[in-house]
Enquirer: 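What follows is a single structure, and I will ask about it in a moment.
Small disclaimer: the values here were computed from a predicted structure and weren't measured.
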Amino acid sequence: MLLSFFDNIDIRYEGRLPMSAEAQSPNGAGLPDGPPSNDDRAEARLLEPVATVVRGVYRLFLAVLIAGALALLTGTEPSQMWGGRYVCAESRSEFSGDGFTRLFRPRAGAEVMARPSYCTDHPDSAQRLFDFLGGFPSWLLVLGILFLLNRLIRGASRQGVFTVRTAKYLRVAGWWLLLGCLVAEVVEAGAHAALLATLVQDYTFNADSWGENWQAPYALVFTALGILTFARIMRAGADMREDLEGTV
């Protein structure tokens with residue numbers, strides 16, 4: 001279903017791919033009519049080293065997900081696989097004390113600040129859920145980006161880099177990263193605040209505590225905007241290439 005959704009985005013443009021990349025038919029875009037040409041192989045080399053890295057990391061993520069699924073089927077707790085049975089949450093509040101000063105011995109004029117971390121070795125189902133939601137959205141975001149980039153690289157290797165299809169997948173990846181990083185940060189901040197509320201006395205889960213744990217993902221937002229801009233450039237380049245091939 002996910003593949004069909006991506007393949008149907010901007011389907012009105014699919015029939016405008018360059019003639020050297022695919023065989024045209026009265027019904028629209030078709031499959032390549034033979035092995036890739038020398039020009040196509042040269043364009044595929046432009047994808048390196050990103051293509052190799054994305055393929056490797058994508059397969060690693062899939063292996064991790066399969067291992068997690070097998071652990072659930074065999075009754076093994078994921079916490080035992082990934083490093084312990086504790087559920088912990090770090091407070092965003094910093095404090096200093098004489099004990100820290102004597103222990104870490106800062107230089108004159110410097111002060112030691114610390115953030116407490118609250119842990120439990122007997123978490124209930126709600127605490128396990130909050131701990132899971134505190135990290136899973138970011139994993140899902142990365143997996144989605146790797147999936148889209150892997151699809152982009154496969155299509156670009158077969159049909160060429162400067163195509164409407166490549167621009168389409170770049171645009172989808174940009175929107176996925178832009179919206180996904182914001183949603184992931186909101187969900188993880190809420191889960192972290194809710195987990196702290198179960199571990200700390202006099203700590204209430206509300207809009208204020210949610211906001212205290214939320215941090216704007218500036219780097220990811222600017223990266224997503226850059227990808228969207230580059231997708232527009234790629235789309236313009238694909239149109240220019242089509243116009244040039246049509247005049248030859």
Enquirer: Show the numbers, then the answer: is there a side chain to side chain contact (heavy atoms under 4.5 Å, CB included) between Y118 and C88?
Expert: CA-CA 5 Å; Y118 301 89; C88 300; over 6 Å; no
Enquirer: Of the non-hydrogen atoms in N150 and V54, which two are nearest, and what is the gap between them?
Expert: N-CG1, 3.9 Å
Enquirer: Of I153, L146, L149, which meets side chain to side chain contact (heavy atoms under 4.5 Å, CB included) against Y58?
Expert: L146
Enquirer: Please determine whether residues L179 and L143 belong to a single hydrophobic cluster, defined as Ile, Leu, Val, Met, Phe, Trp and Tyr linked transitively by side-chain heavy-atom distances below 4.5 Å.
Expert: no
Enquirer: Please report the shortest heavy-atom distance between W176 and L148, naming the atom on each side.
Expert: CB-CD1, 3.9 Å
Enquirer: Please answer whether the main-chain N or O of T204 pairs with a side-chain N or O of S209 as donor and acceptor at a distance below 3.5 Å.
Expert: yes
Enquirer: How many angstroms lie between CZ in R165 and CG in L152, if you round to the nearest 0.5 Å?
Expert: 9.0 Å
Enquirer: Could you state the interatomic distance from CZ (R171) to CE (M234), rounded to the nearest 0.5 Å?
Expert: 11.5 Å
Enquirer: For residues V64 and F136: do they belong to one hydrophobic cluster (side chain heavy atoms under 4.5 Å, members Ile, Leu, Val, Met, Phe, Trp, Tyr)?
Expert: no
Enquirer: Just grab all the side-chain hydrogen bond (donor to acceptor under 3.5 Å, both in side chains) pairs involving residues 177-197, residues at least two apart or on different chains.
Expert: S138-E188, H192-N213
Enquirer: Hydrophobic clustering (ILVMFWY, side-chain heavy atoms < 4.5 Å, transitive) - are V53 and L62 grouped together?
Expert: yes
Enquirer: Let's go through W139 and F61 carefully: what are the C-alpha distance in whole Å and the side-chain angles of both, what is the deciding distance for side chain to side chain contact (heavy atoms under 4.5 Å, CB included) to 0.1 Å, and is it a yes or a no?
Expert: CA-CA 9 Å; W139 277 75; F61 263 72; 3.6 Å; yes
Enquirer: What is the minimum heavy-atom distance between A173 and I145, and which atoms define it?
Expert: O-CD1, 3.5 Å
Enquirer: For the residue pair S91 and R115, what are the closest heavy atoms and their distance?
Expert: O-CD, 3.4 Å
Enquirer: Got C181 and L141 here, is their nearest side-chain heavy-atom distance under 4.5 Å?
Expert: yes
Enquirer: I would like to know whether L182 and V221 meet side chain to side chain contact (heavy atoms under 4.5 Å, CB included); could you show each step before the answer?
Expert: CA-CA 8 Å; L182 297 175; V221 168; 4.1 Å; yes
Enquirer: Using side chain to side chain donor-acceptor pair (under 3.5 Å) as the criterion, list what pairs up with Q127, not counting sequence neighbours.
Expert: T198
Enquirer: Under 4.5 Å between side-chain heavy atoms, counting indirect links through other Ile/Leu/Val/Met/Phe/Trp/Tyr residues: same cluster for V50 and I227 or not?
Expert: yes
Enquirer: Which heavy-atom pair separates T166 from T163 by the least distance, and what is that distance?
Expert: OG1-OG1, 2.9 Å
Enquirer: Checking the side chain of W210 only, and the main-chain atoms of F205 only, is there a donor and an acceptor separated by less than 3.5 Å?
Expert: no
Enquirer: Do you know the tightest heavy-atom contact between A191 and F130?
Expert: CB-O, 3.4 Å
Enquirer: Under the ring pair (Phe, Tyr, Trp, His ring centres under 6.0 Å) definition, can you give me all pairs with a residue in residues 212-231, not counting sequence neighbours?
Expert: none
Enquirer: Is the shortest side-chain heavy-atom distance between V87 and D121 below 4.5 Å?
Expert: no
Enquirer: Would you say V186 ends up clustered with L196 if hydrophobic residues are merged whenever their side chains have heavy atoms under 4.5 Å apart, either directly or through other cluster members?
Expert: no
